[in-house]
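Have a look at the structure below before the remarks.
Read the numbers this way: they start at 1 and go in the same order the structure lists the ligands and their atoms. We're numbering straight along the sequence, starting at 1.
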Amino acid sequence: MELILGVETSCDETAAGVVTGDGRILANVVASQADLHARYGGVVPEVASRRHLELVTPVVTEALERAGAGLEDLNAVAVTRGPGLIGALLVGLSAAKALAWSRRLPLVPVNHLHGHVASLYLQPDPLEPPFVCLLASGGHTLLLEVRDRSGFDVLGSTLDDAAGEAFDKGARLLGLGYPGGAAIDRLAREGDPEAFSFPVARVPGLDFSFSGLKTALLYTVRDLEPEEVERRRADLAASYQRAIVRALSERTLEAAEQTGLERIAVVGGVAANSELRCAMGEAALAPLELCTDNAVMIASAARFSPTVPYPGYLALDAYATAA
Ligand code: KG4
Ligand code: ZN
């Protein structure tokens, strides 16, 4: 049985996971740093790097323990090479290189976005391409055409904020703390999504734009009395969420129509949103626990990515943005 160790440190989750060659998850360990960054209202890159450095060894050790495996049982080490915070990425990449090198194992550098898509390829319900994939996270919002498991073509992307960023910024305006997506999701359940009308920007092609929406919320909140904001916070959250979900789901359906692909999938942190999951009920949805950043999706992508043999990967660099 082939075993792959995955390591992910591109943002504020230190994660390690073990996956078999046929896509069974043996361990999925995620140490979130969200609490550490909450007081700053967003991820502080240098703070994230330092925390990754403290957490990466214990997290990898725990993943191996849970999988009942030792380094000697591994066939490859997979790691996120980019895109992400460069200092954060370098911690994971260096750790993965050291682990692979110590056992003369091959290393598999993985694109983080490919990782999100590959969260769909795991047991017990692996998805078979082709499909259109909406990838909505804190750092990205993309529509992808997925023809096979080794990659994807980009059909559209956000021109400004990512959908998760729109959730986080909206949550901040509503005084809900960071990260805000899940908080808006919870509060929205008690609110009326039609109470406020927020604009959904229609940009050409299959792209997205969320910055106008955030500004609309800002103006609405500014124009209300503080007690009214307090009283109607759930309505504001529900209406704001409705606008984001509508923008995402409409564009995704357009992409499916344009490509002629019948199957739709949704991945990334925002795929955890309950209203989006309802709106896209017919779609293949990434399992809830694999929506936000994790390392089993990285190990999963590694199964379909080129391997770099020992010791050629020692000079490999991370990249902050996709070329
Ligand atoms: O995929 P992810 O963990 O990290 C990136 O690669 O960016 O996504 C994190 C994003 C955050 O913006 C967070 O607010 C959002 O996903 N998110 C949600 C929910 N859970 C996480 N957004 C809306 N509803 C949720 N339930
Ligand atoms: Zn991500």
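- Leu127 is listed as a side-chain neighbour of Arg263, based on a closest heavy-atom distance under 4.5 Å.
- Residue contacts with ligand 1: Gly181 is placed with a nitrogen or oxygen under 3.5 Å of a nitrogen or oxygen of the ligand (distance criterion only).
- Residue contacts with ligand 1 for Asn273 involve both N, CA, C or O and side-chain atoms from C-beta outward (heavy atoms, distance under 4.0 Å).
- When you scan the N, O or S atoms of Asp293 for the one nearest the Zn ion (ligand 2), you land on OD1.
- The nearest non-hydrogen atom to atom 14 (O) of ligand 1, considering only Asp12, Asn294, Asp168, comes from Asp168.
- Contact analysis puts His112 in contact with ligand 1, with a non-hydrogen atom separation below 4.0 angstrom.
- Counting heavy atoms under 4.0 Å from ligand 1, residue Asp185 touches it through the side chain alone.
- Residue contacts with ligand 1: His116 is included, with a non-hydrogen atom under 4.0 Å away.
- Salt bridge present: Arg147 and Glu145 bring a charged side-chain N and a carboxylate O closer than 4.0 Å.
- Side chains of Ser157 and Asp207 form a contact here, defined as non-hydrogen atoms less than 4.5 Å apart.
- Protein heavy atom closest to atom 9 (C) of ligand 1, with residue, atom name and distance, is Gly138 N, 3.7 Å.
- Closest approach between the Zn ion (ligand 2) and any N/O/S atom of His112 involves NE2.
- With distances taken over non-hydrogen atoms, the option nearest atom 6 (O) of ligand 1 out of Ile184, Leu135, Asp293 is Asp293.
- The distance criterion of under 3.5 Å between nitrogen or oxygen atoms is not met by Pro179 with respect to ligand 1.
- The shortest side-chain heavy-atom distance between Gln241 and Ile184 falls under the 4.5 Å cut-off.
- Every pair passing salt bridge (charged side-chain N to carboxylate O under 4.0 Å, His left out) that includes a residue from residues 211-224 is listed here, sequence neighbours excluded: Asp161-Lys214.
- Not a single N, O or S atom of Cys11, from either the backbone or the side chain, sits less than 2.8 Å from the Zn ion (ligand 2).
- Applying the salt bridge (charged side-chain N to carboxylate O under 4.0 Å, His left out) test to every pair with at least one member in residues 25-43, sequence neighbours left out, gives no pairs at all.
- A single hydrophobic cluster is not seen to contain both Val18 and Val296; linkage of ILVMFWY side chains at heavy-atom distances under 4.5 Å, directly or through other members, places them apart.
- In this structure, Thr158 and Ser209 have side chains that are not in contact, with every pair of non-hydrogen atoms separated by 4.5 Å or more.
- Closest to atom 17 (N) of ligand 1 among all protein heavy atoms lies Gly269 O, 3.5 Å.
- Counting the atoms of ligand 1 from 1 in the order shown, those under 4.0 Å from a heavy atom of Gly164 are 12 (O).
- Annotation for Glu282: atom CD does not count as buried by contact number, only 12 or fewer foreign heavy atoms lying within 6.0 Å.
- Note on ligand 1: Ala182 sits in its first shell, one or more heavy atoms being nearer than 4.0 Å.
- Between Leu107 and Thr307, every side-chain heavy-atom pair lies at or beyond the 4.5 Å cut-off.
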